[in-house]
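Here's the structure, in structure tokens; my notes come after.
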There are 2 protein chains.
Amino acid sequence: MHPETRFDNYFKSAFTVDSVIFGFDEGALKILLIRRSEAPFDDYWALPGYFVRQDEDLDEAAQRTLRETTGLENVYLEQLQTFGSPGRHDFGRVITVAYYSLVKIADFTPRADGLSRDVRWHDLSALPDLAFDHNEIVGTATEKLKRSIRTRPVGFELLPPEFTLTDLQHLYEAIWETRLEKRNFRKKILSMQLLVDLERMQEGVAHRPARLYRFDEQRYQELTQEGFNFELREGKSR
Amino acid sequence: MHPETRFDNYFKSAFTVDSVIFGFDEGALKILLIRRSEAPFDDYWALPGYFVRQDEDLDEAAQRTLRETTGLENVYLEQLQTFGSPGRHDFGRVITVAYYSLVKIADFTPRADGLSRDVRWHDLSALPDLAFDHNEIVGTATEKLKRSIRTRPVGFELLPPEFTLTDLQHLYEAIWETRLEKRNFRKKILSMQLLVDLERMQEGVAHRPARLYRFDEQRYQELTQEGFNFELREGKSR
DNA sequence: ACAAAAGTGTTCGGCGTACACCCATGG
DNA sequence: CCATGGGTGTACGCCGAACACTTTTGT
């Protein structure tokens with residue numbers, strides 16, 4: 001370690017990582033929360049996360065703490081923002097590096113762990129009071145999601161492997177909290193060459209069955225690189 | 001402080017803030033760097049920044065350290081990303097929260113201070129080896145700048161109060177490292193209603209003098225809120 | 001048959017694209 | 001009078017906007 005002591009005063013902080021995990025189900029956006037099992041905020045709902053170890057990379061810590069609190073593994077986590085108000089933690093100076101991700105709800109079975117009493121998907125539109133400044137973090141993440149879905153093919157991670165155009169439209173509508181015009185949405189999304197027609201149909205629905213699609217992995221990578229511009233004015237019909 | 005000791009191990013880290021300050025001059029993008037005056041990396045060029053105090057907010061710390069290393073005050077700093085590899089600092093675990101900003105070079109006169117031997121604008125295209133992982137941080141900031149200029153009226157902060165359309169075009173060309181077609185650039189930028197025609201002309205240039213413009217503060221705020229989409233294909237003529 | 005979504009055709013206007021040519025000033 | 005940028009006019013094509021009507025399934 002360093003030979004000098006004049007920096008010692010600075011080495012008294014801790015940092016944590018917290019993850020905002022978005023999912024999509026039943027036409028609504030969800031967030032994965034844990035119920036804390038230790039002070040402070042014992043028993044409160046909170047974002048999955050914990051302290052970062054001394055020799056641990058931030059990205060790794062995010063993966064590990066997500067696993068240890070919810071059981072989720074191999075989730076692609078992207079750094080969101082760092083929150084560090086002096087008063088945000090009772091035990092001392094703790095700043096948190098927030099991550100976020102989009103996952104298919106069906107792909108994972110969250111389970112509580114030593115660090116959490118409970119894990120559950122919550123409707124984004126009806127969140128309880130969360131521990132620390134986690135409500136603020138969720139707000140920031142939601143803003144970012146709204147913006148990034150306009151420039152990147154985001155639906156990919158939120159929808160099941162096979163989906164209908166209406167599913168995809170509902171996803172956009174849920175994130176943007178708006179209604180889109182069906183015809184124009186379809187024309188736009190199809191013109192991007194991002195979807196592959198599976199040439200199969202929905203089954204067991206009480207109406208004309210919809211065509212099933214999947215994302216074209218190749219094209220998805222391209223568009224993620226270049227970025228695109230997905231904008232549609234609000235529409236009445238759905 | 002907290003009554004329990006089992007968290008003590010975590011409270012041994014330090015964190016810093018570092019700022020990437022972009023400027024624009026002579027048709028080229030610049031970055032403000034300081035020369036360090038203490039170990040580690042004594043005498044190396046580095047981003048302006050320093051340790052965050054125990055009871056200090058991150059945003060405040062960014063402002064303060066920027067002032068104390070370069071003399072710049074009242075700069076609008078936006079959080080960029082946090083860098084925290086375990087090995088990035090010799091003295092122990094130090095993570096840094098990076099900020100970035102765009103400023104008019106003429107508005108400030110950087111001066112070295114106790115924490116810096118020297119302060120200077122460097123051409124982004126010819127940076128030296130910087131201290132720590134600061135080259136990586138600059139790279140991340142540059143990527144972000146390229147992307148955000150496509151969705152927000154960014155030139156505002158980089159250009160002098162009065163400028164010509166060609167100045168503005170050169171700015172976009174410098175950031176994107178491309179050439180744009182003059183006619184189309186002008187039509188697009190004028191159609192946004194973002195510029196105010198000052199009805200005055202350049203003076204003392206050895207060619208037809210260009211019309212001077214300024215940004216419309218009002219409209220700038222609007223567009224920053226909504227976001228827009230500025231995209232133009234590469235063009236040959238300038 | 002009827003409900004409930006799925007799915008399509010078309011017109012209109014705006015805006016990005018790609019050009020070549022004229023204008024004003026200093027030297 | 002010429003070099004050096006500044007500053008247009010415009011035809012074309014594509015794509016987003018705004019419509020209403022037909023098709024296919026389960027009940």
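The basis for the numbers below is simple: all heavy atoms, side chains too, and nothing from hydrogens, waters or symmetry mates. Quick caveat, the model's predicted, so the values are computed rather than measured.
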Would you say [X]'s side chain and [Y]'s backbone share a donor-acceptor pair under 3.5 angstrom?
X	Y	result
B:D197	B:E199	yes
B:K30	B:D123	no
B:T164	B:D167	yes
B:T70	B:R67	no

Checklist entry - Pick the nucleotide of DNA chain D nearest each of B:T164 and B:K187; which residue has the one closer to the 5' end? => result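 The residue closer to the strand's 5' end, by nearest nucleotide, is B:T164.
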Checklist entry - Which residue, A:R211 or B:L232, contacts DNA chain C at a nucleotide closer to its 5' end, judged by nearest heavy atom? => result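 The residue mapped nearer the 5' terminus is A:R211.
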Quick one: [X] [atom1] to [N] [atom2], roughly how many Å, whole number?
X	N	atom1	atom2	value
B:L190	D:dG9	CG	P	13 Å
B:Q169	D:dG6	CD	P	9 Å
B:Q202	D:dT4	CD	P	16 Å
B:F185	D:dT8	CZ	P	14 Å
B:E203	D:dG6	CD	C1'	16 Å
A:L198	C:dA6	CG	P	17 Å
A:K182	C:dG9	NZ	C1'	14 Å
B:R179	C:dA18	CZ	P	17 Å

Nucleotide of [options] approaching [X] most closely (side-chain heavy atoms):
X	options	value
A:R183	C:dC19, C:dA6, C:dT8	C:dT8
B:N184	D:dG6, C:dA18, D:dA18	C:dA18
A:R186	D:dG16, C:dT8, D:dG7	C:dT8

Next on the checklist: Rounded to the nearest 0.5 Å, what separates atom CD in A:Q218 from atom OH in A:Y220?
Outcome noted: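 A:Q218 CD to A:Y220 OH: 13.5 Å, rounded to 0.5 Å.
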Using a cutoff of under 3.5 Å, can you pull out all pairs of nitrogen or oxygen atoms linking the protein to nucleotides 23-27 of chain D, with atom names and distances?
residue	atom	partner	partner atom	Å
D:dT23	O2	A:R208	NH1	2.8
D:dT24	O2	A:R208	N	3.1

Item to check | B:T178 and B:E234: side chain donor to acceptor below 3.5 Å | outcome: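 B:T178 vs B:E234: donor-acceptor pair found between side chains.
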Item to check | Heavy-atom pair of closest approach, residues B:W45 and B:R120 | outcome: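 Reported closest heavy-atom pair: CH2-CB, 3.8 Å.
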